[in-house]
Amino acid sequence: MTTGVSIRTLAAELSRELRLAYGGGDKTHLVSGQPLRDAFGTFGHDAAVAGISLEDAMAAATDALQELFERVGGHTADPATMVAAGIALAALARAYEHGEHAAAAQAAEPALPTQIARLAALHRVNRAATANLELSEMLETVVRVVAETTGSDGCAVFLYDPATETLALRAAVGLNVASIGLTTIRLGSGITGRAAADRRLIAAPDAHAHEAFLDSPTIGDDVYTSQVSVPMLLRGGPDERLVGVLNILTVARREFDVNEIAFVQTVAGELAISIENARLYSWTDARLRRKVAELGTLQRVSRTLASTLDLEEVLRLIAEQAIELIQADAAAIFRLDHRPGRASHVPPPTAEFYVGQVREVVGTHRDELVHEVLRSGAARLNDVSYVDGSSPVFCLPIRSARETLGALCLRLRHGAELTEDELGLLQAFSDSASMAIENAQLYQDARHGLETASALLQEMHHRVRNNLQTVAALLSLQLRTAEDAPWATEVREAVSRIQAIAAVHDLLSDESRLAGTTVDVIARYVAEDAHSTLIPPHLSVEFEILKSDVVVQSRQATVLALLINELVSNAISHGFEDRASGKITIRAWNDDGLINVEVANNGKGIPDNFVPAESQGLGMRIVHRLVTSDLRGAFTIGSDAERTVATITFPPALTEDDVAGTAQS
C-alpha cells in the first residue's frame, strides 16, 4: 500500500540529508563516504513504498547528484565523481527493489470484485485530492494515483484559464516533465482542446488517427497509442463550468468499456471539485489584488500597443512592455529571414528589436530555442549560456490567425519562476502583440502600395503631357506654314485647348498636387499659354489672377483649364477686337458648398439676349456642355457698361475620404 508521499517531498528530504552530510565540500570524503550510500538507499526505499515509479525516482536522484557535485566541485570528467554517482544510484536501485517487495507484501489481500475495486480506487483518488490543498502538490499526487488506479501508462491534468481560453499543463506522469507549466493548448485544438470545447469525453483507441489529433512533440505524448480526454466540469445551477481536462494515456491500444468510462468521468467530477477547493484556498486577498493589477497592466499595455501603426515603434513597445509585465531583465523580438534564395538552409533568427542589458551569447542554444518555438508554436523555458554566466530565457510565439509572426524572448532574473497567472498574462499579451504587429504590417503594405500608385499616376500625367505637347507642336508647325489660311483661327484655338490640357497634366505630375490643385494656379498656366498662342502681336493683355484657396480634384482641374482657356480665347477674339489693350480678371471662391469661378474682361459686351447654349460659336457651346455635363454645374455670362463677366458654379468632387464617410453614415 502506498503512502501518498509526493516525489517532491522525498527529493527535498534527500537534498537536506546530502547538505548535512557534505556541507564542507571535501571531495575525497564524498567519494568514499558511507553517508552517500545511506541517503540514496533511504530515498529509494521510500520512493518504492510511496508508489513512485523507478524512472521518476532516478530522475529526481540525478538532479540531487548534480546539485551535490556543483556544490562540492565534482564533474563528469573526474573518475572519482563518476564512481560516487554509481554508488549512489546502485544503492537507490537496490533499496527500491526491496521497498517494492515490502509494499507488495503489505498490500497482498484477496482480489476484490470489480465494482468494489473501483470504489476503493475512487477512495484513493479522493484521499489523494483532499490530503493537500496546495494545488501543484495535490495535482502531482493525483495524476500518479489516477494512472495506477486506471492501469494507464501516462496521465496529465490541464487546467482551463477563461481569461485566455487556453488549457495549461499543470501535472503529468509519463510525459516530459520539462513541459509542465510551459505548455498551453488553445480551446478546440487537438483531442484535449476538442474535449474541453465540446464539454464531452473523447475516447480515442487510435489517437493518432483521430480527426482532432495534434502532434505535440514538446509534451512527449507521441509514444502513446490510446488517449481518453475527460473534461472536468463543475455541475450546479443552469450552466456547467469547465475546470480543465484529465488525460489518460496507454502505450498499447486500449478500448475503455462503458463501466470504465463511467469510472473516469466520476474521477474527473471529483477532481473538478477538489481543484476548485484548492484554488479557492490559494486565492487570497493579496493574490486577487495582484490579479486586478495585472489585468489593469494588460489593458494599459494593449492600449499602448494600439497607439501607433509604425512597425518599428510597435516592436519597441512590445519589448518594453513585456519587460514591465513580468519584471524581466531583457526582451527581444525575433523573426526569421524569409528573403528569396534562402530556402536551402534554415536562416538564423533575426533580433528585430532588443531592450535591456546586452550580453554576449555563447554557442547556438538561444537560436535553437527560437527555432523550436517558431517551428512548434509552443512556449519554452531553457537556460542560455552567456559569457558572464547562464540565465533562464522564456520564449513564446507571436501568432496571428494566419501565420507565426515571430517569437518574444524574455531573459528572466536568476532563480525566477513564472507563475500560472504570469503565463496566462503573457499569452494574452502575445495575442495583443500579434494584432499590433499585423496591423502595423498591413499599414506598411498599404503605404507602400499607395506610394507605388502615386508614382504610376505621376508617370501617367507626365506621359500624357508629353503626348499632348507633341500634338500641339505638330499643329503649330502646320500653322506657321499657312498663317493666313481660312482655317488658321480654328487650328490656333485647337492648339490653345490642347496646351491648356497639357498644362494641367504638367501641373498634376508634381507629387504634391496629385490629389488636386487650386484654381489660381490653373489660371496662371492658362494665361501663360494664352500669351504664346492666342494673343496677336498688336494686342496687349493684362491678366489679374487673384490668389485663391479653392482646391479642385484632378478630373475637375482638366475641365476647368479648358473652360478658362475658352473664356480667355473668347475675350481676346471678340471682346478685344479692334483694340490695342485689354484686361482679364480671374478669381474663385466657395459659397454655400459650391465652387464659383469668375472670368471677367473689360472689352466689348455681349448682346442682352445672348444665350450660351444657342450660340453659333463653337467656344460657347463647348463651355456650356463642359459645365453642365462634366462639372454638373451652371454657367452664366452677362455685360454691363464696364465689363463682361462669365461665372461657372459647380459642386466640388467627392474625395475618397468623403466617399468612405458617406458609406459609413
Side-chain angles (χ1 to χ4, degrees), residues 161 163-164 166 168 178-184 218 286-287 289-305 312-335 349-374 376-399 404-437:
D161 182 5
T164 59
T166 57
S179 65
I180 298 175
L182 297 178
T183 300
T184 58
T218 57
R287 187 170 181 180
R289 286 195 296 269
R290 181 184 177 188
K291 190 72 173 179
V292 171
E294 287 175 346
L295 292 175
T297 301
L298 181 60
Q299 182 183 20
R300 177 178 55 79
V301 166
S302 299
R303 187 168 57 247
T304 301
L305 292 180
E312 185 174 351
E313 180 69 9
V314 166
L315 296 176
R316 181 186 67 81
L317 288 173
I318 290 173
E320 289 179 350
Q321 298 299 327
I323 287 179
E324 182 179 346
L325 204 60
I326 62 168
Q327 302 301 309
D329 274 349
I333 297 175
F334 288 87
R335 305 179 76 187
T350 303
E352 295 203 357
F353 213 93
Y354 187 93
V355 175
Q357 180 185 359
V358 177
R359 295 169 62 187
E360 185 178 349
V361 178
V362 176
T364 61
H365 292 91
R366 187 196 63 187
D367 291 350
E368 292 171 358
L369 171 63
V370 175
H371 272 298
E372 177 62 23
V373 169
L374 291 173
S376 65
R380 297 197 64 177
L381 175 66
N382 279 353
D383 282 339
V384 173
S385 299
Y386 298 88
V387 172
D388 55 351
S390 64
S391 293
V393 173
F394 180 73
C395 190
L396 73 160
I398 301 176
R399 296 177 295 187
T404 298
L405 301 172
L408 172 62
C409 287
L410 298 164
R411 191 176 70 222
L412 307 180
R413 295 174 181 175
H414 186 70
E417 292 185 1
L418 294 175
T419 65
E420 179 184 358
D421 289 342
E422 288 173 331
L423 286 171
L425 199 63
L426 282 173
Q427 181 62 53
F429 174 76
S430 171
D431 293 340
S432 297
S434 66
M435 286 189 290
I437 291 176

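The figures here come from the full heavy-atom set of this structure, side chains too, leaving out hydrogens, waters and symmetry mates. These figures come from a predicted structure and were not determined experimentally.
With values rounded to the nearest 0.5 angstrom, Leu405 atom CG is found 10.5 Å from Ile333 atom CD1. A distance of 13.5 Å separates CG in Asn382 from CZ in Arg366, rounded to the nearest 0.5 Å.
In terms of heavy atoms, Glu320 sits closest to Val355 at CG-CG2, 3.9 Å. Looking at every heavy atom in both residues, Pro397 comes nearest to Ala378 through CD-C, 4.0 Å. When every heavy atom of Ala407 is checked against every heavy atom of Val373, the shortest pair comes out as CB-CG1, 4.4 Å. The shortest non-hydrogen separation linking Gly356 to Ala330 is CA-CB, 4.0 Å.
For the side chain to side chain donor-acceptor pair (under 3.5 Å) with Ser391, the qualifying choice from Arg359, Arg411, Arg413 is Arg359, the only one to do so. Considering Asp329, Val384, Leu412 as possible partners of Pro392, the one that fulfils the side-chain contact (heavy atoms from CB on, under 4.5 Å) test is Leu412.
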Stepwise side chain to side chain contact (heavy atoms under 4.5 Å, CB included) test for Val393 and Leu369:
CA-CA 9 Å; Val393 173; Leu369 171 63; 3.9 Å; yes

Start with the C-alpha distance between Phe334 and Leu374, add both sets of side-chain angles, then the distance that settles side chain to side chain contact (heavy atoms under 4.5 Å, CB included), and finish with yes or no.
CA-CA 9 Å; Phe334 288 87; Leu374 291 173; 5.7 Å; no

Go through it in stages, so that I can follow the logic: the residues are Val362 and Val387, the test is side chain to side chain contact (heavy atoms under 4.5 Å, CB included), and I'd like the CA-CA distance, side-chain angles, deciding distance and then a yes or no.
CA-CA 6 Å; Val362 176; Val387 172; 3.9 Å; yes

